[in-house]
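Keep in mind that the numbers below use all heavy atoms, side chains included, and drop hydrogens, waters and symmetry copies. Read the numbers this way: they start at 1 and go in the same order the structure lists the ligands and their atoms.
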Amino acid sequence: MTQTHPATALQVRRLAGHIGAEISAIDLSQPLSEDDVAQIRAAMHTHKVVFFRDQHLDHAGHLTLARQFGQPTRRPGAKHGVHPTGYPMILAIDPEAEDARYGRDFEEEYRLKWNTYTAGWHTDLTPAVNPPAASILRAEVIPAFGGDTQWTNLVSAYEGLSPALRDMADGLTAEHAFFAGCQLSDGDPRDREIRALDRAAPQVSIHPVVRIHPQTGERALFLNPASVKRLVGFNPAESHRLLELFFAQIIRPEYTVRFTWQPGSVAFWDNQATAHLAATDLAHLPGVHRTMYRIALLGERPVGPTGFTSEIVSGEPLLAYDEADPT
Ligand code: SIN
């Protein structure tokens, strides 16, 4: 029988005006009481991303923690990326591991193909029809400086629009696909290879531009520059200009929080109401080590204010990761 410790008086300290809080006085390596789980979940929904310091989680502990909040999910097969041995549901975020796998500086290579300087802002796995509800990222190896991560509050971004623009956004839908924020060129053999792989098993979905949060009922501007290809129903020039406006809105500095990692730090974010930007300031420095591990939790199809529910263009919904049938 699972032993749980009694409810803890969590300390929640806000970090910025619109988003982010640090939770202390909790040891995430211990089984959490139902009340702790409810308090952490509520804090995550209120503050959109919550941070914990000095946690001592290994892969098994990370997985146990995640399972108290939902069902781990991942992209099937090799598309998941690099994972630690024995833990296929965990994603390793480690430029060195990626370079070993792809045979080159993959992160830097694709950063140089972004359509804009801010195209790294993303919400995890939105090309899937049911993007993860939340993600839990833990830091293992952190450089002496740099490598911060930023999150933005998509509910604040929606609420900060003028009423006329909010009304317009409420009725819109957008196409999400991998590499939407990159320019992949037919003239580049490597890009052709990536495109061919993507086309062999494309993952494309139509989501409402405004998403009603299933738990809080809040409206979020559910767009991100990394994965939104177009607004449905507009010509390309119109779509491009409207998206520029919405993307500028979601990354307005006042809606963001920036977190400086230490080994043992954990971030738990609401993937239904945030976008985030991974570190890009270390790519030019050789020999810098940064190793993070992420577990994504299964989510549902977004629903918009008009009742529009996300639709698949290509690909399959994400599933709860089934250890009995790993692919
Ligand atoms: C992520 O994009 O999920 C990871 C963020 C980071 O590496 O800072």
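- For residues 295-318, no pair satisfies ring-ring contact (aromatic ring centres under 6.0 Å, His included), with sequence neighbours left out.
- Ring pair Y293/H62: centre-to-centre distance not below 6.0 Å.
- The side-chain hydrogen bond (donor to acceptor under 3.5 Å, both in side chains) test applied to Q55 returns no partner, not counting sequence neighbours.
- Among residues at least two apart or in separate chains, side chain to side chain donor-acceptor pair (under 3.5 Å) pairs with a member in residues 121-134 are H122-D124, H122-H276, D124-S135, D124-H276, D124-R294, T126-H176, T126-N224.
- The residues lining ligand 1, counting any heavy atom closer than 4.0 Å, are I93, H122, D124, L137, T149, H276, A278, A279, R290, R294.
- Of the residues T152, L161, N153, the one that meets the side chain to side chain contact (heavy atoms under 4.5 Å, CB included) test with L221 is L161.
- No side-chain N or O of S33 forms a donor-acceptor pair with one of D35 less than 3.5 Å apart.
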